Amino acid sequence: MTTSQTSNSKYDYKAIEEKWQKNWKDTDKYKTREDENKEKYYVLEMFPYPSGRIHMGHVRNYSIGDVVARYKRMRGFNVLHPMGWDAFGLPAENAAQKNNSHPAAWTYSNIDYMRNQLQQLGLSYDWGREIATCNPKYYTWEQILFLEMYKKGIVYQKTTTVNWCESCQTVLANEQVIEGLCWRCDQAIHPRKMNGWFFKITDYAEELLSDLDKLTGWPEKVLTMQRNWIGKSTGLSCDFQLDGMDEKIAIFTTRPDTIFGVTFMSIAPEHPLVDTLISGSDKENDIRNFITEILAEKQQQGPEDEQIKKGIFTGKYCINPYNGEKVPVYIANFVLIEYGTGAVMAVPAHDERDFEFARTYDLPIKPVVIPDGIQLDPQTMENASTVPGLLINSGEFNGLETEEAKKAIIHHAETHGFGKAHITYRLRDWGISRQRYWGAPIPMVHCDSCGVQPVPVEQLPVVLPDDADASGATCQPLHQRESFIATTCPACGKAARRETDTMDTFVESSWYFARYTCPRFTDAPLDKEKASHWLPVDQYIGGVEHAILHLLYSRFFTKVLRDLGYLDIDEPFTNLLTQGMVIKDGAKMSKSKGNVVDPHDLITEYGADTVRLFSLFAAPPEKDLEWNAQGVEGCSRFLNRVYRFIISRPELKEDNAIGSELSESGRALHRKTHQTIKRFTENIENNFHFNTAISAGMELFNSMNSLTDSEKQEPAETPVVLEAIKSLLILLSPMVPHFCAEMWTQLGNNESIESEPWPQYDAEAAKEDLLTIVVQVVGKVRSRLQVPADIEDEELKAMALADPNVLRFIEGKELKKTIVVKKKLVNIVV
RNA sequence: GCGAGGGUGGCGGAAUUGGUAGACGCACCAGACUUAGGAUCUGGCGCCUUACGGUGUGGGGGUUCGACUCCCCCCUCUCGCACCA
């Protein structure tokens, strides 16, 4: 082939990608076994919901993960890199209803299609470990774990208020309620009291919080979000006796130091003592109307709405246990029943909300903490003073500083028996009951005589019935399926009813990463030996939208699995990379915006390698990636340039050692090669900055391209060029695996490029022998000098001062000093 | 309001410990090869200026021989939480 024939030819990505994908499949290339001779490395990307076809977010996520997997393999690690399907969930039911098919059929056909799409991307998964969570072979083990958790008291039932969607006939998770509407049908969500199953994640609140400190490989942002979500507060819980009544109002405060400043009490409209407080009062009707009114307002208000503080006096008083003062009890709209005790001691001088309320209802304001010795005047204060300071008007605690005062005041309550130090969390128990069909059945039985009974292990799994009912409907919820419900009590053998709730799909995704270590194990949910070999996951990669829910649940499950004896780790994911979104025209890709780019079309048009390359090149992984069709074009051009370079230089097949006699330009390329190896590797090691690694590779290619264009007649340079191109191919192979594998064989190599060791950086070769030194005059660049790398400072200084471009600016001026920065610059100050 | 992270050419993005701002890519401009080019190759490309030079990393101030980088104030964008007592 002559150069003219190849001057604008392109590589046949379709043939090459198919060839190598077949090769990898036929040789079972990425099958992974435990290997004690190699260090293990477990890299995992968040598994997808099989919605139908992959989107650009998947492409990005899995390209990043695949580079990590391939890179670590080449660095000598034994890499576990599995893939599976988060296969239960509501969309399958919707689709089944729409198409009059079955959720299982829809799901499995999507899985087949998407698996094929992932394979077309050339992702190096061990497909032998594939998991689909809707498969009874997976959820059986989940049911067993559920029962073990039940036995341990981590699972319980309670009746509480949930989000109910009337049109979907199901409870929704909080995150599925968008501005008060159902995410699916846009109908209003109503609170509804229902019985359901819960995981006692609050038992682990403290550990989930404190172990965040161990997660040094996680982004600070995610750690902060989890800390806020858990929401730990320390303070005092104590009782205020109701004046002239038997009952007490329990409160919780994080500011016990301000307790002498209490001037009223606020309780939530739903507070259990409300009835006791107001019944028989002459204002009872007014108060009840007021409560109805504010509860209705609460329901209607959107999340953006500013709420004006409102309240009503109950007519009753309670007594501050510290100073015996009688303070009025109000019902107030801003007090949350869900948090703390549903009652708040009000200190308007030192709390913004109490201050606003006090000003509205003209209640007294009593400062008890003075910051920086400045007196606060209740008449003229415009804001509450929330900063620490010294106590006044606080009896025996006067003069104490806020932090000491808190301790002393708590201690006082404890010794007098009306309160104690207390910690509260915002974290709530995890409600896992769903009234939907397409989920893992909760393995419990309700018996009229024996109550709730767990299904015996030997009767598991409780299989999701897959038969259609008489109407042909295939996914009506379990509570409508009489044949499923009817069973016998495991305890007494009498007729009983099965639990009809299914589990939240987040349960499946909370432990799948552990099951990958032993996906076909048939004795227990986990093979302890395998799990302890592979876990924790060394590198987890996924979207930041899971920062709280999935990642918190998985951390919780890991601790539960540890306590059940299956795992010996505390945390599941050592390092976490949260990749940014793929956006187009400044917005997240979505059907409604019409800015969706289908990976399938791109792969058809450019090939998987180009699509992978662009998604890695356009932005560092943690940032959002703006999709740009012309940028994809650029990546395709780059690969084709490399291709043409290789096919037009058949002499590159001769693998000669690099001699010591190199031309100037030969030495330069040799140097550039080793500088590139260094930069490339460092950029990957440093937070997986593939974008800068790739640009380093492009630079290397540009310099070998320009070198050989002018000097390709000189055969002596071939070994240097060969070294450069081989290094480039190996470096790029984790990113564009098919292309590099094919080009590698083009160079006459029989061994697979993947078994090549990662290129070694030769510091000697990378060393510059000439340096460009910048010469500044008073900080402005005036000249540049080419000097030997080992030049002495004095000599360099003399050269700089003699430089004509410098002289122009220093002539006739007094020389103050000269700064020489090794290998960088000279700055002359005049 | 609170918390976190950003603001660098027309665009995506680079810049060890303060030391050549704009690597790499896209777009654009000019040229080459062509019947043609939306292929390919070569060169140019922050802004102002014919040039010399000046100026420039959201704005203002400071430290320094030297600041995208450090300090203070302000503006702005994105994300998260949002009456949590």
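Chain naming here is simple, since letters A, B, ... match the order of the sequence lines and numbering starts at 1 in each. Values below: every heavy atom of this structure, side chains too, minus hydrogens, waters and symmetry copies. The structure displayed is predicted, hence computed values, not measured ones.
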Is the phosphate of B:G12 approached by A:K623 (side-chain N or O, under 4.0 Å from OP1 or OP2)? no
Watson-Crick or G-U wobble partner of B:G37, both distances under 3.5 Å: none
A:E626 has its side chain closest, among B:A39, B:U20, B:G12, to B:G12
To the nearest Å, give me how far apart CG (A:D624) and P (B:C11) are. 17 Å
Determine the contact category for A:K221: base if any of its heavy atoms lies under 4.0 Å from a base atom, sugar-phosphate if only primed atoms, P, OP1 or OP2 are that close, otherwise nothing. sugar-phosphate
How many Å lie between CG on A:N683 and C1' on B:A14, as a whole number? 10 Å
Is B:A4 paired to anything, Watson-Crick or G-U wobble with both distances less than 3.5 Å, and if yes, which nucleotide? B:U78
Rounded to the Å, how far apart are A:F690 CZ and B:G12 P? 22 Å
For atom P, what is the distance between B:C28 and B:G37, given to the nearest Å? 15 Å
Assess whether a salt bridge exists between A:K310 and A:E297, defined as any Lys/Arg side-chain N lying under 4.0 Å from an Asp/Glu carboxylate O. yes
Could you work out the separation of B:U76 and B:G22 based on their C1' atoms and round it to a whole Å? 23 Å
Looking across every strand, which nucleic acid part, if any, lies under 4.0 Å from A:V774 by heavy atom: base, sugar-phosphate, or nothing? base
Nearest whole angstrom, please: distance from the P of B:A85 to the NZ of A:K232. 13 Å
Given atom CD1 of A:I409 and atom C1' of B:A85, what is their separation to the nearest angstrom? 16 Å
Show your reasoning for whether side-chain hydrogen bond (donor to acceptor under 3.5 Å, both in side chains) applies to A:Y425 and A:T202. CA-CA 8 Å; A:Y425 298 90; A:T202 51; over 6 Å; no
Is the distance from the ring center of A:Y361 to that of A:F264 below 6.0 Å? no
Assign each of A:A343 and A:V778 the nucleotide of RNA chain B bearing its closest heavy atom; nearer the 5' end lies the nucleotide of A:V778
Give A:K309 one of three labels, base, sugar-phosphate or nothing, depending on what nucleic acid heavy atoms sit under 4.0 Å from its own. base
Determine, for A:K406 against A:E403, whether the closest basic-nitrogen to carboxylate-oxygen distance falls under 4.0 angstrom. yes
Would you indicate which nucleotide in B:U55, B:A85, B:C41 comes nearest to any side-chain atom of A:R644? B:C41
Check every atom of B:A39, B:G54, B:G13 against the side chain of A:R782 and return the nucleotide holding the closest atom. B:G54
Flag the pair A:D12 and A:K14 as a salt bridge only when some basic side-chain nitrogen lies within less than 4.0 angstrom of an acidic carboxylate oxygen. no
Syn or anti for B:G9, given that syn means the glycosidic angle lies within 90° of 0? syn
Candidate pair A:K366 and A:E325, rule salt bridge (charged side-chain N to carboxylate O under 4.0 Å, His left out), full reasoning: CA-CA 12 Å; A:K366 180 185 171 194; A:E325 279 178 20; 3.2 Å; yes
Could you work out the separation of B:G9 and B:G1 based on their P atoms and round it to a whole Å? 28 Å
Could you tell me whether A:F614 and A:F638 have their ring centroids closer than 6.0 angstrom? no
When you look at A:D213 and A:R227, which way does the salt bridge (charged side-chain N to carboxylate O under 4.0 Å, His left out) test go after all the steps? CA-CA 10 Å; A:D213 295 337; A:R227 272 189 202 106; 3.4 Å; yes
Which of B:C65, B:G53, B:U55 is nearest the side chain of A:F809? It is B:G53
Take atom C1' in B:C33 and the same atom in B:A21, then report the distance between them in whole Å. 37 Å
Counting primed atoms plus P, OP1 and OP2 as sugar-phosphate and everything else as base, spell out the protein contacts along nucleotides 21-26 of chain B at 4.0 Å heavy-atom distance: B, S or - for each nucleotide, 5' to 3'. --BBSS
B:G3 to B:U63 separation - C1' atoms, rounded to the nearest Å: 30 Å
Using heavy-atom distances to pick each residue's nearest nucleotide on RNA chain B, tell me which of A:T424 and A:V821 is more 5'. A:V821
Derivation and outcome, ring pair (Phe, Tyr, Trp, His ring centres under 6.0 Å), residues A:F680 and A:Y761: CA-CA 10 Å; A:F680 200 102; A:Y761 156 64; over 10 Å; no
Nearest-angstrom distance, P atom, B:U16 to B:G61: 27 Å
Checking base pairs now: Watson-Crick or wobble, both atom distances under 3.5 Å. What partners B:A15? none
For A:N640, answer base if it contacts any base atom (sugar-phosphate contacts may also be present), sugar-phosphate if it contacts only those atoms, and nothing otherwise; contact means non-hydrogen atoms under 4.0 Å. nothing
For A:F809, check ring-ring contact (aromatic ring centres under 6.0 Å, His included) against everything at least two apart and list the hits. none
If pairing means Watson-Crick or G-U wobble with both distances under 3.5 Å, then the partner of B:A85 is none
Say we look at B:U64 and B:G18: how far apart would their P atoms be, to the nearest angstrom? 16 Å
So if I take every side-chain heavy atom of A:T772 and compare against B:G19, B:A85, B:U20, which nucleotide ends up nearest? B:U20
P spacing across the pair B:U34 / B:G19, given as an integer number of angstrom: 50 Å
Using a 4.0 Å heavy-atom cut-off, does A:V335 contact any base of the nucleic acid, only the sugar-phosphate backbone, or nothing at all? base
